[in-house]
Amino acid sequence: MRDLKHLNWFENLLQEANNKLITHAKKEGKVCVAFVCENTPEPLMNLGNAFGIRLHAPNTGSMDIATYYMTSFLCETSRALLERAIEGGFNFADCVIAPDGCTMINRCVENMELLKTMGEGNDKFFHEFMEIPLKADDNGVELLVLQCQNHILNPLSENYGIDVSDAAIRKAVEEHNRVCRVITEIGNFRKESRPRITGYEFHVLTLATYVMPQYLIIDKLEETLKEIKTREPEDKKYRARIAVVGSEVDDSGFIKLIEETGAYVCADRFCFGSLPGRMEIELNNEEDALTQVCRHYVYNGHCPRMFNMEKVYGRKAYVNDIAKEYGADGIIYQQIKFCDPWAYERLLGSTMLREDYGYPVLSVDRPYNISSSVGQMRTRVQAFVESIEIKKLQGGAK
């Protein structure tokens, strides 16, 4: 396939947490709202003159300093983010919003605050820590509404004069949905028997929507969609179609590694992926926008933090549904090393998807930066892909 016109532009921007688009937005006088968890309602950080940026730490190397403060038993994502913060890599942020999605990320941001890694010279800078629900029910929605009001909307309004009105929230949701629509439409091409976009390319585009100011990339995303519609797919047949499930994948190299074995990553059910992360938020005119946004996140999220049984079993059913929809032959269930919520979820999920739903499943933990274990991971993925091929030949694949 011919190269996508803007792919290299997106790839280069992803090499830096403080990319040039963030610098551009800041020069325009905009307020950068940093966040660290998929449970934070994203449109609320893109209100008025603000723009939301999810913190990530590309090209992470040593995490020795962060390990000193957090120990080696905490997940590599939390340590990578703290290491980058200590290095000064997140000085572009005007505030940080941290829900208690897990204790490790919470502890990461607490250390950022205690060590004063951000906000130097900005007397308006603030850290906010949110409580988020453990169950998807009406009480959970009420809790999230209260937390968003107290820890996102009020601080943004009081410190930076951001418009947090109902009208502003509805406008932010409309812009959010525009991004969701284009990513969803691009992602739908992965369902084709001869896909006209690779899983790696799709991951680059999706990741960009979380770590770059969306208003500065939407035109290029829409142009890329038009380009893909007329793109001629390759004739080659993939050895297997793989759905990747689990914790966040900040390193596109992991997706590239999988596809270098001859597989195709057809679906992305992981934190900050497109499923369900880029699902549109539907609003009505009878109820306030904040409540509707919070309800969307409570009921449509698939974070393992949610403990009610409908969610516990629903997460596996959801993976089964998208595996069918996107034609997956097998599932890679992955987690960042030492990630407790996804470790338990991976054990139960990989077992149920294999035994109850009949999918071949590869269950792995991995480093934040895949370059530190490329050889070992490639060997495991290759063996998994070969096992799927053998089952296909035997007529036993799902």
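For the numbers below, each heavy atom of this structure counts, side chains included, while hydrogens, waters and symmetry mates do not. Heads up: numbering here begins at 1 and tracks the sequence.
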Hey, are [Y] and [X] close enough side-chain-wise for a donor-acceptor pair under 3.5 Å?
X      : Y      : result
His6   : Thr224 : no
Glu248 : Tyr210 : no
Tyr200 : Glu260 : no
Gln15  : Asn59  : yes
Glu42  : Gln214 : yes
Gln292 : His296 : no
Tyr368 : Asp250 : yes
Asn369 : Ser372 : no
Gln149 : Asn154 : yes
Thr209 : Arg278 : yes
Tyr359 : Asn320 : yes

Are more than 12 heavy atoms from other residues, nucleotides or ligands located less than 6.0 Å from atom [atom1] of [X]?
X      : atom1 : answer
Glu174 : CD    : no
Lys191 : NZ    : yes
Asp3   : CG    : no
Glu16  : CD    : no
Lys26  : NZ    : yes
Tyr313 : OH    : no

Counting only pairs under 3.5 Å, give me each side-chain donor-acceptor contact of residues 103-118, with atom names and distances, residues two or more places apart or in other chains.
from, atom 1, to, atom 2, distance (Å)
Arg107, NH2, Tyr69, O, 3.3
Asn111, ND2, Arg107, O, 2.9
Thr117, OG1, Met112, O, 3.2

Cation over ring face, [X] and [Y], 6.0 Å, 45°:
X      : Y      : answer
Lys30  : Phe51  : no
Arg190 : Phe202 : yes
Arg241 : Tyr326 : no

With side chains defined as the heavy atoms from C-beta onward, is the minimum distance between [X] and [Y] less than 4.5 Å?
X      : Y      : value
Asn19  : Leu14  : no
Asp340 : Cys102 : no
Ile242 : Ile331 : no
Asp94  : Val33  : no
Leu275 : Tyr318 : yes
Leu4   : Glu201 : yes
Ile97  : Phe129 : no
His302 : Phe270 : no

Output yes when [X] and [Y] qualify as a salt bridge under the 4.0 Å nitrogen-oxygen rule, no when they do not.
X      : Y      : value
Arg181 : Glu185 : no
Glu227 : Lys5   : no
Arg194 : Glu234 : no
Arg178 : Glu222 : yes
Arg239 : Asp329 : no

Counting N and O atoms only, with roles assigned by atom type, does the side chain of Asn308 sit under 3.5 Å from a partner on the main chain of Lys135, one being a donor and the other an acceptor?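 The answer is no, because no donor-acceptor pair under 3.5 Å joins these two groups.
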Between Asp163 and Ala168, is there a donor-acceptor pair closer than 3.5 Å when you use the side chain of the first and the backbone of the second?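 A pair under 3.5 Å: no.
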Apply the hydrophobic cluster definition, ILVMFWY joined by side-chain contacts under 4.5 Å directly or through others, and give me every member besides Met1.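 Reading the cluster by chain and number, Met1 sits alone, since nothing else belongs.
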As an exercise, state the distance from [atom1] of [X] to [atom2] of [Y], rounded to the nearest 0.5 Å.
X      : Y      : atom1 : atom2 : value
Lys316 : Lys311 : NZ    : NZ    : 11.5 Å
Lys27  : His24  : NZ    : NE2   : 9.0 Å
Lys392 : Ile390 : NZ    : CD1   : 12.5 Å

Working note: Gln334 + Ser247, criterion side chain to side chain contact (heavy atoms under 4.5 Å, CB included); need CA distance, chi angles, decisive distance, verdict. CA-CA 7 Å; Gln334 55 77 35; Ser247 61; 3.7 Å; yes
Listing request: all salt bridge (charged side-chain N to carboxylate O under 4.0 Å, His left out) pairs with a residue in residues 56-71, at least two apart in sequence or in separate chains.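 Listed once each, the pairs would be none.
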Using the rule that two of Ile, Leu, Val, Met, Phe, Trp, Tyr join whenever any of their side-chain heavy atoms come within less than 4.5 Å, decide whether Met279 and Leu283 are in one cluster.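 Different hydrophobic clusters.
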Could you walk me through whether Leu153 and Ile169 pass the side chain to side chain contact (heavy atoms under 4.5 Å, CB included) test, one step at a time? CA-CA 10 Å; Leu153 301 186; Ile169 295 175; 4.2 Å; yes
